[in-house]
Amino acid sequence: MFWASYLLAVLAIVLAWPVPILLSRAQWPARSPFTAMVLWQAIALAGGLSMIGAMLVYGLEPIGDNLIAGLRALAGMVLFNAPTTDLGFWHIFALSAAALLTAHLVFTLLLTYYKIERQRRRHRELLALLASPSAEGAGTLVISHDSPVAYCLPGGARSVTVLSDGLMAALEPAELRAVLIHENAHLSQRHHLLLWAFAAWRQALPWLPTTRLAQESVNSLIEMLADDVALKTESKATLIKAIAIVASGSARTPGEAELESGPAGLSSSGLSLAGLDPAAAAGADSARTTASRVSRLLSPQPQLPAPVRSLVLAGCVLLLALPTALLVVPGLFG
């Protein structure tokens, strides 16, 4: 248990600082966005598990040879007033910190979900007043605005794709199809759940620079994944033009809520605090993300070889297995 706590601490530091920085600067994620997305999730989960686990294992070390024994002894102290003399000040501090961090992460996850759902509910109410059904099909609404705007609003069976009439006037039929396919890909692949998780991670640990890097990278990767779906039926030239036109209406207005209720760029469903503002709603896709997407389409690179992708995915499994093993395997390092 003693050495396990230090190994978990080292792993937490590595996953919280150098690894995310290196991954955010790497070029290969654009070649295999799905693989990179899985890796980002593994880093976040393993990092959080290692951070909490290091404090928990260190705190339990004096009262148990493994995690289960330590938790049982701790439960006896809490529930049955067993003596706590075996625990020193730093052990109690570590256990308290582990409990507080766990509660903070869970609370932030739930609070972020509540904020997102509140924004979406308000957004749907405004759409009910300002939008009208589109001839492009069920689940598509049109708002009256000159700016070219397209975004999706997740909500299970109530999910909708919103287009502005300015966008519909600016796009050719094939370009409009590309936009709709892109938006539907976000909904069908449940990208809003990924954004929720990484937004909560950043909200919970805003002092950690890598949470910002992770959120920005995930925003970019989900756009690439949706682009790949659109490319199955539409040409690169068509998609590039559609991206450029939508990006031209993506200026963010002051006062917009920082927490987006949906994917960025073509699928941004941000909500202006002053009301439904299409120009603001289109706006989480940064200039860097748009440039990366267009560059990726103009100068396509081959996908990572299958053995390399398999190696990365295997690394993700090992990344999650390592802190788990350090926590649950009885007496492995103790």
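All values derive from a computational prediction rather than experimental measurement.
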Would E136 and T161 satisfy side chain to side chain contact (heavy atoms under 4.5 Å, CB included), going step by step from the backbone distance to the final call? CA-CA 10 Å; E136 299 302 324; T161 297; over 6 Å; no
Given side chains that start at C-beta, do those of [X] and [Y] come closer than 4.5 Å, heavy atoms only?
X: V149; Y: V246; answer: no
X: S217; Y: L23; answer: no
X: V57; Y: L326; answer: no
X: L56; Y: T102; answer: no
X: T233; Y: R177; answer: no
X: T140; Y: L180; answer: yes
X: I243; Y: D227; answer: yes
X: L297; Y: L231; answer: yes

With clusters defined by side-chain heavy atoms of hydrophobic residues (ILVMFWY) lying less than 4.5 Å apart, directly or transitively, does [Y] cluster with [X]?
X: V10; Y: V19; value: yes
X: L71; Y: L49; value: yes
X: L239; Y: V229; value: no
X: V38; Y: L195; value: yes
X: Y113; Y: L45; value: no

Which heavy atom of [X] sits nearest to which heavy atom of [Y], and what is that distance?
X: L87; Y: I92; answer: CB-CG1, 3.9 Å
X: A226; Y: H191; answer: N-CE1, 4.5 Å
X: L327; Y: G53; answer: CD2-CA, 3.7 Å
X: A131; Y: I143; answer: CB-CG2, 3.7 Å
X: T108; Y: A204; answer: CG2-N, 3.6 Å
X: L208; Y: A16; answer: CD1-O, 4.0 Å

Out of curiosity, [X] [atom1] to [Y] [atom2], how far, rounded to the nearest 0.5 Å?
X: T112; Y: F107; atom1: OG1; atom2: CZ; value: 9.0 Å
X: L8; Y: M51; atom1: CG; atom2: CE; value: 11.5 Å
X: L167; Y: D146; atom1: CG; atom2: CG; value: 12.0 Å
X: L39; Y: I43; atom1: CG; atom2: CD1; value: 4.0 Å
X: L100; Y: I52; atom1: CG; atom2: CD1; value: 11.0 Å
X: L313; Y: L318; atom1: CG; atom2: CG; value: 11.0 Å

Are the side chain of [X] and the backbone of [Y] linked by a donor-acceptor contact shorter than 3.5 Å?
X: S188; Y: A185; result: yes
X: S32; Y: L304; result: yes
X: S248; Y: I245; result: yes
X: S164; Y: S147; result: yes
X: W196; Y: L109; result: yes
X: H186; Y: H192; result: no
X: S24; Y: I21; result: yes
X: S295; Y: A291; result: no
X: R202; Y: T211; result: no

Enclosure of D86 CG (heavy-atom neighbours >12, cutoff 6.0 Å):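 Enclosed.
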ask   = Is atom CZ of R124 surrounded by more than 12 heavy atoms (other residues, nucleotides or ligands) closer than 6.0 Å?
value =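 Count over threshold, so yes.
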- Item | Q301/Q27 under side chain to side chain contact (heavy atoms under 4.5 Å, CB included): CA gap, chis, key distance, verdict | CA-CA 10 Å; Q301 298 294 321; Q27 300 298 317; over 6 Å; no
Please work out which of the three classes, parallel, tilted or perpendicular, describes the rings of [Y] and [X], given edges at 30° and 60°.
X: F93; Y: W90; answer: perpendicular
X: Y6; Y: Y58; answer: perpendicular
X: H123; Y: Y151; answer: tilted

### Task
Please lay out, stage by stage, how H182 and E223 fare under the test side-chain hydrogen bond (donor to acceptor under 3.5 Å, both in side chains).
CA-CA 8 Å; H182 180 107; E223 295 302 323; 2.9 Å; yes
Exercise. Passes side chain to side chain contact (heavy atoms under 4.5 Å, CB included), Q41 versus C316? Steps please.
Worked result: CA-CA 9 Å; Q41 294 176 73; C316 294; over 6 Å; no
- Steps toward side chain to side chain contact (heavy atoms under 4.5 Å, CB included) verdict (K115, L111): CA-CA 6 Å; K115 289 180 178 180; L111 181 62; 4.0 Å; yes
_Note: E117-R120 ion pair, threshold 4.0 Å (strictly below)_ =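 Judged by the 4.0 Å cut-off on N to carboxylate O distance, E117 and R120 do form a salt bridge.
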